[in-house]
2 protein chains.
Amino acid sequence: MARSDTRYREAYNRILAYCETLPPKAPIPSETSLAEIAGVSRTVIRRCLARMEELGLISWQGRDKHLLRAPLAEDRIAVPETPSDKNDLEQRFLDWVLRFDVPANTPLSVAELSRTFGVAQHDLKEFLAGLSRFGLVSRRPQGGWMLLGFTKDFAIELSDFRSVLELNAVTQVAEVPVDHPVWAALAQLRQDHLALKNAIDTDFHEFSKLDERFHLAINSVVRNRFIAEFQKVISLIFHYHYMWDKTEEKDRNAAAIDEHIAIIDALEARDAEAARLAAQRHLRTSKTTLLSSLRHHDLG
Amino acid sequence: MARSDTRYREAYNRILAYCETLPPKAPIPSETSLAEIAGVSRTVIRRCLARMEELGLISWQGRDKHLLRAPLAEDRIAVPETPSDKNDLEQRFLDWVLRFDVPANTPLSVAELSRTFGVAQHDLKEFLAGLSRFGLVSRRPQGGWMLLGFTKDFAIELSDFRSVLELNAVTQVAEVPVDHPVWAALAQLRQDHLALKNAIDTDFHEFSKLDERFHLAINSVVRNRFIAEFQKVISLIFHYHYMWDKTEEKDRNAAAIDEHIAIIDALEARDAEAARLAAQRHLRTSKTTLLSSLRHHDLG
DNA sequence: TTTATGTATTAAATAATTAAATGCAAGACT
DNA sequence: AGTCTTGCATTTAATTATTTAATACATAAA
């Protein structure tokens, strides 16, 4: 019960490592500077110093602190390893939802999710609270959460929103100076598209990666924290759905390659209007594909 | 320590109210149906029944439950009133940030916020986690949260994002059928704008409300959960900043009225391109105003 | 066979608890 | 004097423990 002392333990080892760089019998800097070195508060530093004194590593009386002997490997303190990264929780969660085809309106148990993802319950709750801002999950009246996503309405609204963002991005690309890295990226993408088009009969499943690269390049010109946040989620969802809808995959991908090239053509000609139209055409296809992949799933 | 029994207390009173509708000595329905009536689980219902039996309100043996006497006012159980609504927390929080001009990079104390807003700490944490999705707040390495918002970059990106959403909305309005309620709303708005323009010398501060109504009407045609979520935050921020930047308020508002009317003109002529251009002009003005309001704050 | 109840298990909300951060005053050193 | 350092006290935050509530399943009654 009560919070862990991981912060202290990590700080302790960090301070120990710092002391190894000091000459023998060197004076030890002030608590404040040690706190800065370890990136923690003075409270934690004092705990560290207390332990170091106890172990006979240092002498400590008031502001007189001296190193008595060089720290050894066995002086280090054990840190409870974090069971699982908490940063890529979003990636892993969406992956889980899509990979296992978790249907819409599924109740989500925080306790269970906490186990499967190896993340503390309240961290998960915070995460879900964040997702609820995207309308992906919501609180249930009787407590807990529920997955809302991946109904038809959701897919339509997601596609529409994606279109709005992406058309904006395309328009901006057309107005960007020639020395912007996006032009090099697009030139490379054109070659890779043409190469894949030639080998489409065998390598058509390679398109998914290419698609992601293409849209990432287009959106890279937009520097906007709000849009960036959404793009992460959007691209993940589209990516997976494309991968799993296997109906007419080869034909779909071949068509998409042409659509991508049409966009690149228009952009390199700096024809913003043509690029918008080409992008619109492509996004309409994407929307249809996403919707049909849902329909296939509904039917079994 | 441990969760409150508010759910039980509310259910109890609800069941009592239901029993008042029953005739004397009536049999009481099954636990499952009572659970449905009160909107809680059977566990809670059984607690309710136990208390009702204890008070002599009902007899209860196995599945034989009968009303013994009509419930009285004093049979009701006290429910701890929720100190403060938790739903409008967003409104109140943003209001607080903007009204007190909380500067960017201010550490936010969950404990303190919890007191000022009368909301439990973990509810606040969930709320902040949600806001972090909008890039308004973020976690601090040493724990807690910090307000990021309302730097120049933030304002620029917010304005740009707003423009993207709003230009999309304007385009959609132009394509909406004649019987859509937006047309009636716009007709009314045109009149109100003209009326305010005539009385601009005295009533210019009335514009803020009109502005909000105008943008709400435009955006009402877009049915999209993602966009709707953002619009709430965006409109609130712009609304407050407009209200507080008092420099040349009268002139600004007069100009904005003309810009609004220009948009309405183009829309009623179903000229999507002209409407986009008019909206673009207006949004550019808005952005400038928002930025200058920040600049004024920085200097004083 | 259906429906209701009894019982057990699991999950969720929330306060208690400890770790850590912060604030302030007094003292030491330059 | 003035700055830096420490000692001490207070406040805050993370995390567990605990209670309430929901759910699952078995059993019994209709």
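Nothing here was measured: the structure is a model prediction, and the numbers come from that model. Below, read A as the first sequence line, B as the second, and so on, with proteins coming before strands; counting in each chain starts at 1.
- If you take CD of A/Gln61 and P of D/dG7, they are 11 Å apart, rounded to a whole angstrom.
- Using a 4.0 Å cut-off on heavy atoms, the residues of residues 9-38 of chain B that approach DNA chain C are B/Ser30, B/Glu31, B/Thr32, listed by number.
- The CD atom of A/Gln121 sits 14 Å away from the P atom of C/dT10 (whole-angstrom rounding).
- When the C1' atom of C/dA11 is taken as reference, atom CZ of A/Arg139 falls 13 Å away, rounded to whole Å.
- The residue B/Arg47 sits close only to the backbone: its heavy atoms come under 4.0 Å of sugar-phosphate atoms, none of a base.
- Where the helix from C/dT1-D/dA30 to C/dT30-D/dA1 starts and where it ends, the local axes point in directions that differ by 10°; five pairs per end, rounded to 10°.
- Using a 4.0 Å heavy-atom distance criterion, B/Thr43 is classed as a base contact.
- In this structure, the NZ atom of B/Lys125 is 11 Å from the C1' atom of D/dT12, given to the nearest Å.
- Scanning for ring-ring contact (aromatic ring centres under 6.0 Å, His included) contacts around B/Phe161 gives A/Phe226, B/Phe230, with sequence neighbours left out.
- Checking B/His122 against A/Ser4, the closest nucleotide of DNA chain C that is more toward the 5' end is the one next to B/His122.
- Take the nearest nucleotide of DNA chain D for B/Ser41 and for A/Gly62: the residue whose nucleotide is more 5' is A/Gly62.
- Under a 4.0 Å N-O distance rule, the pair B/Arg139/A/Glu126 qualifies as a salt bridge.
- Scanning all heavy atoms of the two residues, the minimum distance from A/Val44 to A/Ala11 falls at CG1-CB, 3.8 Å.
- Atom CD in A/Glu112 sits roughly 14 Å away from atom P in D/dT23 (whole-Å rounding).
- Taking the side chain of B/Arg7 as heavy atoms from C-beta on, and the options C/dA11, D/dT15, D/dA22, the nearest nucleotide is D/dA22.
- At least one side-chain nitrogen or oxygen of A/Lys65 sits closer than 4.0 Å to the OP1 or OP2 atom of D/dT6.
- At least one test fails for A/Arg140 against the ring of A/Trp145: distance under 6.0 Å to the centre or angle within 45° of the axis.
- Following rounding to the nearest Å, A/Arg3 (CZ) and D/dA13 (C1') show an atom-to-atom distance of 5 Å.
- Under the ring-ring contact (aromatic ring centres under 6.0 Å, His included) criterion, B/Tyr12 pairs with no residue at all, not counting sequence neighbours.
- The CD1 atom of A/Ile45 sits 15 Å away from the C1' atom of C/dT22 (whole-angstrom rounding).
- Taking a cutoff of 4.0 Å between a charged side-chain nitrogen and a carboxylate oxygen, B/Arg225 and B/Glu229 do not qualify as a salt bridge.
- In this structure, the side chain of A/Asn105 does not engage the main chain of A/Leu148 through any donor-acceptor pair within 3.5 Å.
- One atom, CG of B/Asp123, and another, P of C/dT14, lie 7 Å apart when rounded to the nearest Å.
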Under-3.5 Å N/O pairs linking protein and nucleotides 25-29 of chain D:
none

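- With a 6.0 Å cutoff to the six-membered ring centre and a 45° limit on the axis angle, B/Arg92 does not count as a cation-pi contact of B/Phe117.
- Between B/Tyr8 and B/Arg140, the residue anchored closer to the 5' end of DNA chain D is B/Arg140, taking for each the nucleotide with the nearest heavy atom.
- Comment: B/Arg46 does not engage B/Glu53 in a salt bridge, judged by the lack of any side-chain N to carboxylate O separation of less than 4.0 angstrom.
- For B/Ala111, whose side chain is taken as the heavy atoms from C-beta onward, the closest listed nucleotide among C/dA19, D/dA13, D/dT23 is D/dA13.
- Residues B/Ile15 and B/Ala38 come closest through the heavy atom pair CD1-CB, 3.9 Å.
- When the salt bridge (Lys or Arg N to Asp or Glu O under 4.0 Å) test is applied to B/Arg9, the partners found at least two apart in sequence or on another chain are B/Asp5.
- Between B/Ser159 and B/Leu290, the closest heavy-atom pair is OG-CD2, 3.6 Å.
- Residue B/Leu108 is classed as a sugar-phosphate contact, given heavy-atom separations below 4.0 Å to backbone atoms only.
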